[in-house]
**Student:** 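Below is one structure. I have some questions about it.
In this chain, residues are counted from 1 in sequence order. The figures that follow rest on heavy atoms only: side chains count, while hydrogens, waters and symmetry mates do not.
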Amino acid sequence: MEIRHKALLFLVSCGFIGYFPFAPGTAASLFGGALIYLFPFSSLVSNLAFVIALILVSVVCVNWFNSESDDPGYIVIDELAGMYVTMAGHRPTVLNVVAGFVLFRIFDVMKPFPVNRAERLKAGYGVVADDVAAGIFANIGLIVLEKIAW
């Protein structure tokens with residue numbers, strides 16, 4: 001296996017979290033939540049810049065690594081990006097990160113319209129787009145929860 005392929009595999013599997021024996025997408029989402037909590041952004045601008053960069057890097061890496069339209073279970077960089085979309089603009093308190101994680105997993109697994117349509121895009125665009133869409137839904141849900149519950 002060439003170095004470029006190994007490096008891309010490391011990235012798209014989030015440091016091989018994608019090879020977790022069960023629920024690798026959930027494991028990557030938990031990893032994202034931990035990163036968000038442990039390393040919060042100092043400003044909304046830096047938060048949004050990172051999220052946009054992560055989405056772009058995710059699409060490019062998945063396209064380079066896997067030119068197929070399918071989403072192999074070990075590719076979990078899209079779940080990481082989805083968690084960052086979920087938490088964008090929110091304070092990373094324990095309560096917010098846990099609620100964001102739960103909401104993101106619900107929307108990612110249930111794939112309501114238009115999340116289900118986003119995954120129809122070709123190659124890395126579809127692999128990442130459905131998680132970004134699920135993250136947007138979860139972000140909105142978190143806004144609602146913050147307004148009514150805490």
**Student:** Do you reckon Val59 sits in the same ILVMFWY cluster as Leu80, going by side-chain contacts under 4.5 Å, direct or chained?
**Tutor:** yes
**Student:** Quick one, Tyr19 and Leu9 - any side-chain contact, counting heavy atoms below 4.5 Å?
**Tutor:** yes
**Student:** Following the transitive rule for hydrophobic clusters with a side-chain heavy-atom cut-off under 4.5 Å over Ile, Leu, Val, Met, Phe, Trp and Tyr, establish whether Ile140 and Val102 coincide in one cluster.
**Tutor:** yes
**Student:** Between Thr86 and Gly100, what is the shortest heavy-atom contact and its length?
**Tutor:** CG2-O, 3.5 Å
**Student:** Any chain of hydrophobic side-chain contacts (each under 4.5 Å) joining Leu8 to Phe10?
**Tutor:** yes
**Student:** When rounded to the nearest 0.5 angstrom, what is the spacing between OG in Ser13 and CD1 in Ile77?
**Tutor:** 9.0 Å
**Student:** Using a 3.5 Å distance criterion without hydrogens, assess whether the side chain of Asp131 forms a donor-acceptor pair with backbone atoms of Gly82.
**Tutor:** no
**Student:** Treat each ILVMFWY residue as a node, draw an edge where side-chain heavy atoms are under 4.5 Å apart, and state whether Phe104 and Leu95 are in one component.
**Tutor:** yes
**Student:** Which atoms form the tightest heavy-atom contact between Ser58 and Ala81, and what is the distance?
**Tutor:** OG-CB, 4.0 Å
**Student:** Please give me the minimum heavy-atom distance between Asn63 and Ala123, naming the atom from each residue.
**Tutor:** OD1-CB, 3.2 Å
**Student:** Sorted by first residue and then second, give each salt bridge (Lys or Arg N to Asp or Glu O under 4.0 Å) pair with at least one member in residues 76-102; sequence neighbours left out.
**Tutor:** none
**Student:** State, with a plain yes or no, whether a side-chain heavy atom of Val127 is found less than 4.5 Å away from one of Ile75.
**Tutor:** yes
**Student:** Kindly state each residue pair satisfying ring pair (Phe, Tyr, Trp, His ring centres under 6.0 Å) with at least one member in residues 27-55, sequence neighbours excluded.
**Tutor:** Phe41-Phe50, Phe50-Tyr84
**Student:** What's the shortest heavy-atom distance between Asn47 and Gly89, and which atoms?
**Tutor:** ND2-N, 3.3 Å
**Student:** For Gly124 and Val62, work out which heavy atoms get closest and say how close.
**Tutor:** CA-CG1, 3.5 Å
**Student:** Just to verify, what does Leu142 make a side chain to side chain contact (heavy atoms under 4.5 Å, CB included) with, not counting sequence neighbours?
**Tutor:** Met87, His90, Asn96, Ala99, Leu103, Glu146, Trp150
**Student:** Could you note down all residue pairs passing ring pair (Phe, Tyr, Trp, His ring centres under 6.0 Å) where residues 112-143 supplies at least one of them, sequence neighbours left out?
**Tutor:** Phe107-Phe137
**Student:** Please name all residues satisfying salt bridge (charged side-chain N to carboxylate O under 4.0 Å, His left out) with Asp130, sequence neighbours left out, ordered by chain then number.
**Tutor:** Lys111
**Student:** Check for me, please, whether Val144 and Val85 land in the same ILVMFWY cluster - side-chain distances under 4.5 Å, paths through other members count.
**Tutor:** no
**Student:** With sequence neighbours excluded, tell me which residues meet side chain to side chain contact (heavy atoms under 4.5 Å, CB included) with Phe101.
**Tutor:** Thr26, Ser29, Leu30, Met83, Arg105
**Student:** Between Val115 and Asp108, does the side-chain contact (heavy atoms from CB on, under 4.5 Å) criterion hold? Intermediate values first, please.
**Tutor:** CA-CA 8 Å; Val115 175; Asp108 189 31; 5.6 Å; no
**Student:** Within the distance-only criterion (no hydrogens, no angle test), does the side chain of Asn139 pair as donor or acceptor with the backbone N or O of Ala88 below 3.5 angstrom?
**Tutor:** yes
**Student:** List the atom of Ile17, the atom of Ala28, and the distance in Å for their closest heavy-atom pair.
**Tutor:** CG2-N, 3.7 Å
**Student:** Hey, what's the ring geometry for Phe65 with His5, parallel, tilted or perpendicular (30° and 60° as the breaks)?
**Tutor:** parallel
